[in-house]
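Proteins get letters first, then strands, A, B, ... in listed order; numbering begins at 1 in each. The figures here come from the full heavy-atom set of this structure, side chains too, leaving out hydrogens, waters and symmetry mates.
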There are 2 protein chains.
Amino acid sequence: MVTGPAHDSKSARTRRRVVDAAAHVLLRRGYAGTRLSDVAEVAQVQAPAIYYYFSSREDLIDEAVAVGLDRARSLVTDALAEAPADAPAIDRLAIAVAAHLRTLLTHSDHAAAAVRTVPQLPEAMRERHRQAQRDYVDVWRALVTQVREEGDLDPALDPGTALMVVLGALNWTAEWWDPARGSLEGVIDAAQRLVRQGLAA
Amino acid sequence: MVTGPAHDSKSARTRRRVVDAAAHVLLRRGYAGTRLSDVAEVAQVQAPAIYYYFSSREDLIDEAVAVGLDRARSLVTDALAEAPADAPAIDRLAIAVAAHLRTLLTHSDHAAAAVRTVPQLPEAMRERHRQAQRDYVDVWRALVTQVREEGDLDPALDPGTALMVVLGALNWTAEWWDPARGSLEGVIDAAQRLVRQGLAA
DNA sequence: CTCGTTTTTTATTCTCGATGAGAATCCGAG
DNA sequence: CTCGGATTCTCATCGAGAATAAAAAACGAG
């Protein structure tokens, strides 16, 4: 079953260790480069032990990606939930930008792995995550729509295209940002400014 | 240039087919996912024939990436060379944005493969391309510097960070843009507007 | 101690990069 | 045109390492 027991505590913690490890390796090596032996090493488990929890390499990666997409979405929605609901949409968008970058760059190997790996997945597997991806983008789409309704979006911009361009800017940060060479806050600040100014009417 | 006789015409066209095929596969499958058998199939060649031209898989990928980075840079600089040299820097930047997107999305598997793959390369290989990457980014850096000197850059923006965010937005388009579902010109237009507005003082 | 769950050990199969021994093809000299 | 050498490529196969299967061992609750 995908959805395990509500309680944890057994050594279904091992299972989670394995998924975490998969995300870790996935993030650094990409889909094809993710070897079970590496995952096992990170998870502190013998490689064949993975087969007790997952019926195949694909299954494991599939779950890691699913968890990542879900986490990426929920961390953004959580951040939005904490913000005043009546704030201008453009401000809420800026909050989402910050949350997304924080998630991607420091909080979650899962989210980062999912975002960076999805494009490399074999078609069949990507298909399985279409919906999750859509759910994730829809959160953003709603925000942009609100921004437009409040008249803060440049009418010459196609909202869908603009959104994808913005998300691209955010997602790509994972490729170049080096914690040793620049502060996270710096990246967030630049991204927020670019988005606010860029979309502005 | 790695090797390359100035004249072609022999079956050094085969060699080029192989490099082209490598870029093609690289773009879709990533570094670790690039199998020589797939490259061979695309290039219409038997797999071992590749070893007539390249001494190893690494060598082949290395050259494909080198060609790609070089092409990405030169297509942008060529476009800039055709623009009036005394145009405002912000306009020249917009030209570069358009050229980059055109290259990435329709003109060159090589450029797209290089741009999207470099982060996944093993350290040793990435090292070999540091300079080419720097050359490529430097073209942009120079543009941004000019924009700032002409007073068109928001002083609150860190130029380096802003540049990377912008390049990210461009590079990521390769992940989502679907020629069947939206015009290239639409993407270019959105990107140009976002960049102009986003960087503006 | 015993049974069921979890993990390791051992073994099998498969994929993929690499190579070496030639076969096909091309090309110029006679 | 044809012979012979150089160029270009194919076939068969190796060996490493990966994924998986199967079986055995360790563990833990009752």
| query | Do you know which two heavy atoms are closest between Leu69(A) and His129(A), and how far apart they sit? | reply | CD1-CB, 3.8 Å
Within the sub-3.5 Å range, which N or O atoms of nucleotides 13-15 of chain C have a protein N or O partner, and how far apart are they?
none

| query | Closer to the 5' end of DNA chain D via nearest nucleotide, is it Leu36(A) or Gln46(B)? | reply | Gln46(B)
| query | Hey, do the aromatic rings of His100(A) and Tyr136(A) have their centres closer than 6.0 Å? | reply | yes
| request: Please determine if a side-chain N or O atom of Tyr52(A) lies less than 4.0 Å away from the OP1 or OP2 oxygen of dT6(C). | output: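 For Tyr52(A), the contact criterion (side-chain N or O under 4.0 Å from OP1 or OP2 of dT6(C)) is met.
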Rounded to the nearest Å, what distance is computed from the [atom1] atom of residue [X] to the [atom2] atom of nucleotide [N]?
{"X": "Tyr51(A)", "N": "dT10(C)", "atom1": "OH", "atom2": "C1'", "answer": "16 Å"}
{"X": "Ile61(A)", "N": "dA18(D)", "atom1": "CD1", "atom2": "C1'", "answer": "13 Å"}
{"X": "Arg29(A)", "N": "dA18(D)", "atom1": "CZ", "atom2": "P", "answer": "11 Å"}
{"X": "Leu60(A)", "N": "dT20(D)", "atom1": "CG", "atom2": "P", "answer": "10 Å"}
{"X": "Glu41(A)", "N": "dT8(C)", "atom1": "CD", "atom2": "P", "answer": "14 Å"}
{"X": "Arg15(A)", "N": "dT5(C)", "atom1": "CZ", "atom2": "C1'", "answer": "15 Å"}

| query | Looking at Leu104(B), Leu101(B), Val187(B), which hits side-chain contact (heavy atoms from CB on, under 4.5 Å) with Trp177(B)? | reply |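 Per the side-chain contact (heavy atoms from CB on, under 4.5 Å) rule, the option paired with Trp177(B) is Val187(B), out of Leu104(B), Leu101(B), Val187(B).
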| Under 4.5 Å between any side-chain heavy atoms of Asp20(B) and His110(B), yes or no? | yes
| Within-4.5 Å side-chain heavy-atom neighbours: Glu149(B) and Thr145(B) |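 Side-chain contact under 4.5 Å: yes.
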| request: Please tell me which of the listed nucleotides, dA12(D), dG17(C), dT8(C), lies nearest to the side chain of Arg57(B)? | output: dG17(C)
| request: Decide whether a cation-pi geometry holds between Arg28(A) and Tyr31(B); the criteria are a distance under 6.0 Å from NZ or CZ to the six-membered ring centre and an angle within 45° of the ring axis. | output: no
